[in-house]
2 protein chains.
Amino acid sequence: MLSIGELSRKTGVKVPTIRYYEQMKLVTAPERSEGNQRRYSNVELERLTFIKHARDLGLKIDAIRELLDLSAHPEQPCEDANRIAEDHLVATRERIAQLQRLEAELMRITTGCQGDSIKDCYVIQSLSDHALCQDGH
Amino acid sequence: MLSIGELSRKTGVKVPTIRYYEQMKLVTAPERSEGNQRRYSNVELERLTFIKHARDLGLKIDAIRELLDLSAHPEQPCEDANRIAEDHLVATRERIAQLQRLEAELMRITTGCQGDSIKDCYVIQSLSDHALCQDGH
DNA sequence: ATAATCTCTCTAGTGACTATAGCTTCAAGA
DNA sequence: TCTTGAAGCTATAGTCACTAGAGAGATTAT
Ligand SMILES: [Zn+2]
Ligand SMILES: [Zn+2]
Ligand SMILES: [Zn+2]
Ligand SMILES: [Zn+2]
């Protein structure tokens with residue numbers, strides 16, 4: 001049986017975050033010691049490891065909840081799990097594309113200023129006037 | 001003189017957001033009509049246009065506040081403005097790089113599943129076991 | 001036994017908005 | 001002028017995924 005601190009060290013999830021996940025019903029409330037402290041078994045260790053990995057990959061809590069529910073039904077088809085992962089991949093790609101447009105614009109802006117005074121600063125001018133931009137953001 | 005709705009339409013910033021910016025002291029409280037409604041001049045239109053553009057480029061409110069303060073002193077050197085823009089460019093690039101690592105991992109995961117049942121689902125397995133990943137995230 | 005560390009609950013704060021409720025004001029048509 | 005409907009007002013709470021802090025109690029090591 002693990003204390004919350006030990007579970008935290010093993011998973012890399014911070015102690016207050018574990019308690020937050022319990023509140024959000026992402027993990028079920030574990031057993032308690034005589035003195036009311038949480039005591040975790042390997043089942044919870046594995047579940048929290050799953051959650052951590054999914055969060056690190058950028059999945060939202062709701063998506064993770066769905067995936068956890070699905071993994072509790074091993075005989076069901078896995079199309080829903082695949083769809084969740086694919087949707088997240090698509091969203092990630094869209095986010096990358098958007099950030100790349102911003103990157104191009106920011107590069108143009110930062111390299112355009114010769115470091116004179118504010119009244120001639122190309123950074124300030126560019127922010128004041130979107131017409132100087134190459135792209136629609 | 002513009003009402004808040006007209007200002008919203010001209011800038012693309014939603015009405016509640018304009019009021020929020022006023023609360024955050026990003027824009028100063030404008031004049032009021034006899035009936036206590038906000039009335040904006042072109043000064044505020046330009047300022048809000050600047051803010052909108054900076055937000056669209058991903059700058060944080062605090063950075064925008066600094067840039068607005070700087071642009072009020074036209075004779076000062078502009079190195080601080082350049083630094084803010086460059087810092088944001090660096091942060092944007094880091095974010096892109098991180099998302100690209102996630103994208104690669106998600107692509108591997110989503111293409112790895114042949115759509116069988118949950119107990120054989122490669123999506124679920126990958127989330128359970130970071131050792132299957134190619135990269136550290 | 002004592003000290004150091006951990007854990008408990010509860011509340012509030014973060015960033016940048018968004019939504020709702022219940023009210024008042026404004027502008028335009030009849 | 002009266003009326004109606006849109007727009008605006010304030011204040012409060014909700015979003016997401018945590019993070020910080022206070023003040024009390026539990027556990028562990030010496
Ligand atoms: Zn400059
Ligand atoms: Zn632009
Ligand atoms: Zn699958
Ligand atoms: Zn991984």
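Per chain, numbering begins at 1; letters A, B, ... match sequence-line order.
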Rounded to whole Å, OH of B:Y40 lies from C1' of D:dC9 at a distance of 12 Å
Check the distance between D:dC9's C1' and B:I18's CD1 and give it to me in whole angstrom.
14 Å
Should the heavy atoms of other residues, nucleotides or ligands under 6.0 Å from NZ of B:K14 be counted, would the total exceed 12?
no
Give the rounded distance in Å between these two atoms: CZ of A:R65 and C1' of D:dC16.
12 Å
Spacing between A:E6 atom CD and C:dT7 atom P, to the nearest angstrom:
7 Å
Quick test of your reading of the model: are B:R83 and B:D87 salt-bridged, counting only N-O distances below 4.0 Å?
yes
Would you give a per-nucleotide map of nucleotides 17-30 of chain D, 5' to 3', where B means the base has a protein non-hydrogen atom under 4.0 Å away, S means only the sugar-phosphate does, and - means neither?
BBS-----BSS---
Any side-chain heavy-atom pair of B:Q76 and A:S117 under 4.5 Å
no
Between B:T49 and B:E46: side-chain donor-acceptor atoms closer than 3.5 Å
no
Salt-bridged, A:E105 to A:R108, with N to O below 4.0 Å?
yes
How long is the line joining CE of B:M24 and P of C:dT18, in whole Å?
14 Å
Take atom CZ of A:R9 and atom C1' of C:dT7, then tell me their distance rounded to the nearest Å.
12 Å
Round to the nearest Å and state the distance from A:Q23 atom CD to C:dT11 atom P.
11 Å
Closest contact, heavy atoms only, B:A81 versus A:I124
CB-CD1, 4.2 Å
Just checking B:R32: base, sugar-phosphate only, or nothing, at a heavy-atom cut-off of under 4.0 Å?
sugar-phosphate
Reckon B:R19 has a side-chain N or O less than 4.0 Å from the OP1 or OP2 of D:dT10?
no
Spacing between B:K25 atom NZ and C:dG15 atom P, to the nearest angstrom:
16 Å
Between A:R38 and C:dC8, is there a contact of a side-chain N or O with OP1 or OP2 at under 4.0 Å?
yes
I'd like to know if B:K52 pairs up with B:D56 as an ion pair, taking the criterion as any Lys NZ or Arg NE/NH1/NH2 lying under 4.0 Å from an Asp or Glu carboxylate oxygen.
yes
